[in-house]
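Working notes, beginning with the structure itself.
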Number of protein chains: 2
Amino acid sequence: MSLRQMQYLVTVVEQGSFTRAAELLHVTQSALSHQIKALERESGGPLLERLPRGVRLTPMGRAYFPHAELAVRSAAQARRAALATAGAESGELHIATVHAHAVGVLPEVCARWGREHGGVRLVLHEYATTEDLFAHMERGVADLAVGPRPEKWPGPVTVVGTEEMVMVLPPGDPLAGRAAVRIDEVADRPWVRCALEPVLAGRRWLDVECERAGFTPRTAVRTQHTSTAVRMAAAGVGVLITAAHELTGLDCTAVPTDPPWRREITAFSRVPPTGAAARFVTLLRETGVPGGGR
Amino acid sequence: MSLRQMQYLVTVVEQGSFTRAAELLHVTQSALSHQIKALERESGGPLLERLPRGVRLTPMGRAYFPHAELAVRSAAQARRAALATAGAESGELHIATVHAHAVGVLPEVCARWGREHGGVRLVLHEYATTEDLFAHMERGVADLAVGPRPEKWPGPVTVVGTEEMVMVLPPGDPLAGRAAVRIDEVADRPWVRCALEPVLAGRRWLDVECERAGFTPRTAVRTQHTSTAVRMAAAGVGVLITAAHELTGLDCTAVPTDPPWRREITAFSRVPPTGAAARFVTLLRETGVPGGGR
DNA sequence: CCCCACCATGAACGTTCTTCATGGCCTCCA
DNA sequence: TGGAGGCCATGAAGAACGTTCATGGTGGGG
């Protein structure tokens, strides 16, 4: 029962095919067959169901797989952690994040990283929702995650900055130009909702605030990606509250809310960041993230 | 970079010595040296500091180690998960728990398990505190944990029962024989505190309740193990509130609190329990745990 | 000061993994 | 319906890897 066998299994399952997995792993399909068979022999039964078209996990495989995946990913992280501590001049740093942050706060950080730590390649894993991000971080896909503060996270969480939330309005909106807008002033408008809304104690922030203001937000449309939501709002579909920096380059109006809302951006990982990961956190705090480090 | 190498490293670090680790792993010390050296070569530098007396992790080793440990433990869990799903007639099921539960609720469950699933050996990992339990579960030491509901846990949590909390009094105490006792009736007494007190939203339950009752509990003694605390209380050192079933066989008086307190017993794991683990959860709910299944 | 405990090293042997070559099976399509 | 092609399995041979045996170096304690 070796790491290699698990790596092979994971790849075969991900690819749904021995042949494609073999190409990806740079071995022959025969080697895969042998190894998977050996793994199945040791595990006491078949893990994969060989279908005429591709493969699928057996019930036993489903019990086995998540652990194997975590083992494989942890091993990869171990290697990267060691390399990052050693040379700091080569290797990879895997960062997981949500799409909204990837387009918003990370580009500048990545640019500085490239100049200052050229040897360490950044590998970005972007997810559409925070749930996705957390789920994949738990499975160990990345060394470090950048995103909203996780509600439940068994590991170190560092606040690297805060974002100011603004209300997005189409160009020429009557409220445009105001210094700030109270939420009840738009109580009668439809809203653009997004999968990535900040959550507080299990409830969406906006719902809580609207309830306090005495109305229930009417949803015009619900999107996965924040960038989509922003364009909806800019087109006048409805009101959206989102982080200010996600609007750069768009033809729309943004007005701060009254009272001002802020949302934390955090970096979190399974173990205290060392080497490259630690430097990345420092860079995050120093660069580009409004309110960084507090 | 194989699992075996990581397994070797973990054992060497745990044992603090190549020689002892070699014995434990049933290989020669030479094999260990070779493998660790190979691992260090691939990792880009030494992971262990060779001291005249035993070994220690280098900074790089400290970055590497936790990931390696998780990889090793996950692999072991994968194997067990597969075997448990396969035969269900052999293998091991690793259960992590806190000492108080190990002596309180588990004996009966384990007895039934032995009769009904004799082939699957139970391996118990007992920890003194819930913090210890959670920390070790995160590192993947066991397939399933039994204990109080974890505050932050990234995985399935099942309530398997509730325990009634009672106030422990020495034999002949004036309050003994009462149907129930309010907490403010013992406001002037010293308390026996225990590391394993139920926690609610980050604060110890007892502190919250006493604050509500208008006093601050005065601590007579603080213990690690609940069983110690129970004996303290039975000896008249102070008042203790703990689960009723932890008193079986002791010469002391237990009086329910007014209002009644209950604490949940949960089973939690990293992935949905399958096979042996799933059956164990079922057994927990069916057996011996007051209020099981709700 | 010598001996013991402890880890490193090099060469030989046994095991394991990969490849090459080939075979079986199912599906799609003429 | 029969052949072509995609897909995984299998068996044998060679390469790669891990283990052992034997031995060397180093520091601490009697």
Side-chain angles (χ1 to χ4, degrees), chain A residues 1-58 60-62 64-65 68 71-72 75-76 78-79, chain B residues 1-58 60-62 64-65 68 71-72 75-76 78-79:
Chain A
M1 175 158 299
S2 69
L3 244 198
R4 183 181 354 220
Q5 291 170 340
M6 297 192 183
Q7 168 70 72
Y8 284 6
L9 178 73
V10 168
T11 309
V12 167
V13 170
E14 281 175 354
Q15 296 299 315
S17 146
F18 277 62
T19 315
R20 257 180 299 163
E23 288 168 18
L24 228 138
L25 292 164
H26 304 295
V27 293
T28 59
Q29 167 267 318
S30 174
L32 269 188
S33 267
H34 282 300
Q35 291 300 325
I36 299 283
K37 173 139 295 238
L39 186 61
E40 289 178 323
R41 202 177 317 123
E42 242 189 313
S43 305
L47 299 169
L48 292 172
E49 211 173 333
R50 274 77 164 178
L51 304 167
R53 215 73 193 167
V55 297
R56 228 174 37 193
L57 282 170
T58 61
M60 193 168 145
R62 269 191 293 282
Y64 184 91
F65 185 80
V72 169
R79 152 182 264 128
Chain B
M1 174 158 299
S2 68
L3 243 198
R4 179 177 357 214
Q5 291 170 341
M6 297 191 184
Q7 168 70 70
Y8 284 6
L9 178 73
V10 168
T11 308
V12 168
V13 170
E14 281 175 353
Q15 297 298 316
S17 146
F18 277 63
T19 315
R20 257 180 299 164
E23 288 168 17
L24 227 138
L25 292 164
H26 304 295
V27 292
T28 60
Q29 167 267 319
S30 175
L32 268 188
S33 267
H34 282 300
Q35 290 300 327
I36 299 284
K37 172 137 295 232
L39 186 60
E40 289 179 322
R41 204 178 315 124
E42 242 190 313
S43 306
L47 298 169
L48 291 173
E49 211 174 331
R50 275 77 165 177
L51 304 168
R53 215 75 194 167
V55 297
R56 227 174 39 193
L57 283 169
T58 61
M60 193 168 145
R62 269 190 293 281
Y64 184 93
F65 185 79
V72 170
R79 152 183 264 129

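Here is the naming used below: chain letters follow the sequence lines, and residue numbers restart at 1 for every chain. Quick caveat: nothing in here was measured; it's all calculated off a predicted structure.
Between A:Thr28 and the phosphate of C:dT19, there is a side-chain N or O to OP1/OP2 separation shorter than 4.0 Å. For the OP1/OP2 pair of C:dT18 and a distance below 4.0 Å, the side-chain nitrogens and oxygens of A:Gln35 include at least one atom meeting the criterion. Contact between the side-chain N/O atoms of B:Lys37 and the OP1/OP2 oxygens of C:dT9 is found at a separation under 4.0 Å. Taking side-chain N and O atoms only, A:Arg50 has a distance below 4.0 Å to OP1 or OP2 of D:dA9.
Here C:dC6 presents its C1' atom at 16 Å from CD of B:Glu49, a figure rounded to the nearest Å. In this entry the distance linking CD1 of A:Ile36 with C1' of D:dC8 reads 12 Å, nearest Å. Between A:Leu51 atom CG and C:dC28 atom P there is a gap of 13 Å when expressed in whole angstrom units. The nearest whole Å value for the distance from the CD atom in A:Glu23 to the C1' atom in C:dT18 is 17 Å. Taking atom CG of residue B:Leu25 and atom P of nucleotide C:dC7, one finds them 13 Å apart after rounding to whole Å. Taking atom CG of A:Leu39 as the reference point, atom C1' of C:dC17 lies 14 Å away to the nearest angstrom. Rounded to an integer number of Å, the gap from B:Leu3 CG to C:dT16 C1' is 16 Å. We find that CD of A:Gln29 is positioned 15 Å from P of C:dT22, with the value rounded to whole Å.
With values rounded to the nearest 0.5 angstrom, B:Thr19 atom OG1 is found 8.5 Å from B:Leu32 atom CG. To the nearest 0.5 Å, atom CD of residue A:Glu40 and atom OG1 of residue A:Thr58 are 7.5 Å apart. Atom CG of B:Leu57 and atom CG of B:Leu47 lie 8.0 Å apart (nearest 0.5 Å). Atom OH of A:Tyr64 is separated from atom CG of A:Leu9 by 6.5 Å, given to the nearest 0.5 angstrom. Remark: B:Gln29 CD to B:Arg20 CZ distance equals 13.5 Å, nearest 0.5 Å. The OH atom of B:Tyr8 sits 12.0 Å away from atom OG of B:Ser33, with the distance rounded to the nearest 0.5 Å.
A heavy atom lying under 4.0 Å from DNA chain C marks the following residues of residues 4-21 of chain B, by number: B:Ser17, B:Phe18, B:Thr19.
If you check distances only, the side chain of A:Ser30 never reaches the base of D:dC8 with a donor-acceptor pair under 3.5 Å. For C:dT18, its base never sits under 3.5 Å from the side chain of A:His26 at any donor and acceptor pair.
Taking the side chain of B:His34 as heavy atoms from C-beta on, and the options C:dG10, C:dC20, C:dC7, the nearest nucleotide is C:dG10.
In summary, the side chains of B:Thr11 and B:Gln7 do present a donor paired with an acceptor at a separation below 3.5 Å, with no hydrogens or angles considered.
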